[in-house]
Amino acid sequence: MRFIEKFFKKYEHLFLEGGKFEKYHPAYQAMYTFMFVPDETTKRGAHIRDAVDLKRVMFTVVLALIPATIFGMWNVGYQYFQQAGGEFTNWDAFVYGFWKVIPLIIVSYAVGLGIEFYFSILRGHDVNEGYLVTGLLIPLIMPVTIPLWILAVSVAFAVIIGKEVFGGTGMNILNPALTARAFTFFAYPTFMSGNEVWIPKPENADAYSGETILGALGQGHQVAYTWKEMFFGMIPGSIGETSVLMILIGAALLLYTKVGSWRIMLSTLLGASLMAYIFNLWGANTLMQFPWWEHLLVGGFAFGLVFMATDPVTAAQTRRGKWIYGFLIGVFAILIRVFNPAYPEGMMLAILLMNVVAPTIDYYVVQANIKKRMKRFEKQMA
Amino acid sequence: MHKQVKISKGLDIKLKGKPQPKIMQAERSKKYAIRPVEFYGINPRLMVRPGDKIKAGEPVFYHKYDERIKFTSPVSGTVEDVIRGERRKILKIVIEADPKDEFKDFGIKNPNDLNREEVLEALLESGLFPVIKQRPYDVIAKPDDDPKAIFISAYDSAPLGVDYEFTLKDRLKDFQTGVDALKKLTSGNIYLILNNKIASKLEDTEGVEIIKAEGPHPIGNPSIHIERFEPITKGDRIWVVNPADVANIGAFFKTGIYNPEKVVALAGSMVKEPKYYKIKPGAYLKDFLSNKLKSGDKRIISGNVLTGSDIGKDLFLNFYDNEISVIPLGKKSTFMGWLPFFGPTRKSFYRFNLIPSRKEMDLNANLFGEERAFVMTDEYESVMPLDIYPVHLLKAALLGDVEKMEALGILEVAPEDFALLDYIGSSKIDTQELIRKGLDVMQVEMES
């Protein structure tokens, strides 16, 4: 690998101060540090450092997304061949889905990273690694039939308006991936909802039905899937969100590496279970009657809980705040699902809502800490 | 009944090169240095010139804003040089040591027979007063303050920490006399922090409140115990003294001479035989270290690996430190070193550790990444046992927002309490430095 490093070092001077491409240094730095963790040693502060950096943290999340991604590819093919009829193997399904999904991932990364690089060069900052995760999250929460140009526009919107205007990774208020989805949902609703977007439409389909479970429930229809299908994920939906099993594998990795907050995951689960259970007791319509534990298996709930709600930047930043934040996400996700069937994807809206509220939660948590200090001071003065 | 303190937040970092319980006499260095830069917030006024003869215990410089605070020579010898930096700032005063020490005689005294003023004067004259640090701000104490309490931590929980039970085992009487002297300086309590897991000989010390502490690092840091028993609010003064310095204070009263010799640990994976040495602060370490280290690039640190300072260029032992740590430098790049499960890993926040590992690690001084914005918000709280919100406090310190820093508890912390945050942070932010700057801003604001 030394020859790669030599190659980089050979051209480094062009990007340093006074070099021909001085202002492109962030781009050079991003490429070089992607290939090599630099030989920099500590100068101030603690002399020893953990070997973890943001690249590793972000890449751990990407790894956690891989099972859901691969399953999502297979499921796209599986759903398609189910509709098209005829015999097919699992491999056929995967290959079909692979070629449907890969272009989405490539467009998402190309557009998003392009914008990130542009802003880094503009600001003279290093390229932040946040988009490594966002770039994969965005295609996974889209319907597979979404036109590439809409994807590109929504990625651009999410990165520029959702993140860069606030100052880049670490400063954004809304989860960028959900910003992309919300933007698409409201700007191009016909491509984002309905019965025909979740599965590529076969040419010869007569009786085509590809509505999601939540969509069906919203219409008052009966659910045509068993809980096993919901859990394993052989149901229509956004690419990555269908298989709870694959999402749980990712969750296990996030929890093991402590990259994802177990406090948020657990409290979201509790909030949603409680809310759905209350609705079960009420039971006024099909959505309310839908068993509480099946609520946890369908739609974007599991995916949002594991990969979106736990986004450390947009979540509450204090431990106490995280409990409140997660619990309310769970409550609102079910609330929106049940009360507003026009937006069956309650999880997305619930997380975005709580993203906005999170700083306020933190404010009160921190304020309680400050008040304790003030009281002590007053007591001493008295 | 002793006081008990247990914490669960924190992290024990086990490193290779733990010092063996053996004490050797280090050879006398040819030269010694006193470095005003180590004494935070002190403006030095020189009292010697190159060529002057000086005895051990005679003043080298004093503090411009309080002339009583004197800094004295650890050895007798000739002032060789005064080295200055930018804007003629005094960096260090180098003293060429005589083959044998000649001590200034302060007279033998029993602190129990003295009043506060007399004890204070003895400490100020001998140059021992600067061993007393003050909270808030983590600076040298002010002689006129009556501190609410004095804390002595004999539990060094930092990686490769000094075993004070061992280094002080022959100095228990000195330690007691030192405590007696400190007792005169406060109307409050003196607290002594000990490791709960061992039976301590220091437990028999009279006139102190004993705190038995248990948990991961930073359990030995005084801040944790100050928060529990004597929480600092605006206007409070708490003093903190290292136990080895307490013993030196005791020895000073018993012998009447200033001899700051301490038992110092030479530790770390780059040391051939890690053990303890009797050595004086300010000693030039080049000859001392010459045959004791392994070959290879290394980082030589006065102090521990979390809070110490890099003395590779200078090689003078710092005034406050009881330890020299030597670790590999690690100046090399790693191909795709950020890959999870493939790149270098360490026991850290980013591992689910149900069973604490006994394996000792060989860590180097590589940064393993580049500085980034705060992202992983939970990591800091996991190693912060104090009742403060580190991210919020650090952001306030970054902005220099005095009111916010105070509200968020900056008066209760010292930079050392943030050392683990430096270690653990995936964003590679130098939090100790941010806190140091924050404390400086606070002090200027509150005391002007």
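In the text below, chain A, chain B and the rest are named by the order of the sequence lines, each starting its count at 1. The basis for the numbers below is simple: all heavy atoms, side chains too, and nothing from hydrogens, waters or symmetry mates.
- To the nearest 0.5 Å, atoms CG (B:Leu434) and CZ (A:Arg44) are separated by 9.0 Å.
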Is there a side-chain contact (heavy atoms from CB on, under 4.5 Å) between A:Ile4 and B:Phe335 once you walk through the steps? CA-CA 9 Å; A:Ile4 305 177; B:Phe335 179 64; 4.2 Å; yes

Checking B:Asp422 against A:Arg49 for the side-chain contact (heavy atoms from CB on, under 4.5 Å) test, could you report, in this order, the C-alpha distance in whole Å, the side-chain angles of both residues, the deciding distance, and whether it holds? CA-CA 7 Å; B:Asp422 276 5; A:Arg49 300 298 172 102; 4.2 Å; yes

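- The pair A:Glu40-B:Lys428 does not meet the salt-bridge criterion, since no charged nitrogen lies less than 4.0 angstrom from a carboxylate oxygen.
- B:Arg299 places a side-chain N or O within donor-acceptor distance of the main-chain N or O of A:Thr42, the cut-off being under 3.5 Å.
- The CG atom of A:Asp126 sits 5.0 Å away from the CD atom of B:Glu370 when rounded to the nearest 0.5 Å.
- Interface summary for chain A: among B:Leu15, B:Asn304, B:Ile388, the most heavy-atom pairs under 4.5 angstrom belong to B:Ile388.
- Within the 4.5 Å cutoff, the side chain of B:Glu433 has no heavy atoms near those of the A:Lys43 side chain.
- The distance from the OG1 atom of A:Thr33 to the CE atom of B:Met336 is 10.5 Å, given to the nearest 0.5 Å.
- The aromatic rings of B:Trp338 and A:Phe34 lie tilted to each other, with the angle between the two planes from 30° to 60°.
- Separating the CD atom in A:Gln317 from the OH atom in B:Tyr380 is a distance of 11.5 Å, to the nearest 0.5 Å.
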Report the C-alpha distance between A:Val57 and B:Val375 in whole Å, list the side-chain angles of each, state the deciding distance to 0.1 Å, and finish with yes or no for side-chain contact (heavy atoms from CB on, under 4.5 Å). CA-CA 10 Å; A:Val57 168; B:Val375 170; 6.0 Å; no

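- Between B:Glu379 and A:Lys258, none of the side-chain N atoms (NZ, or NE/NH1/NH2) sits under 4.0 Å from a carboxylate O, so this pair counts as no salt bridge.
- Considering CG of A:Asp50 and CZ of B:Phe368, their distance stands at 9.0 Å, rounded to 0.5 Å.
- Chain B forms more heavy-atom pairs under 4.5 Å with one residue of A:Val365, A:Thr318, A:Leu63 than with any other, namely A:Thr318.
- Between A:Asp53 atom CG and B:Met376 atom CE the span is 11.5 Å, to the nearest 0.5 Å.
- A distance-only check finds a donor-acceptor pair linking the side chain of A:Asn369 to the backbone of B:Asp387 [under 3.5 Å].
- Annotation: maximal heavy-atom pairing with chain A below 4.5 Å, among B:Glu412, B:Glu371, B:His392, occurs at B:Glu412.
- Using a 4.5 Å cut-off on side-chain heavy atoms (C-beta onward), B:Pro231 and A:Arg373 make no contact.
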Test side-chain contact (heavy atoms from CB on, under 4.5 Å) applied to A:Phe8 and B:Ser333, step by step: CA-CA 12 Å; A:Phe8 270 107; B:Ser333 54; over 6 Å; no

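- With hydrogens and angles disregarded, a donor-acceptor distance shorter than 3.5 Å links the side chain of B:Glu381 to the backbone of A:Arg319.
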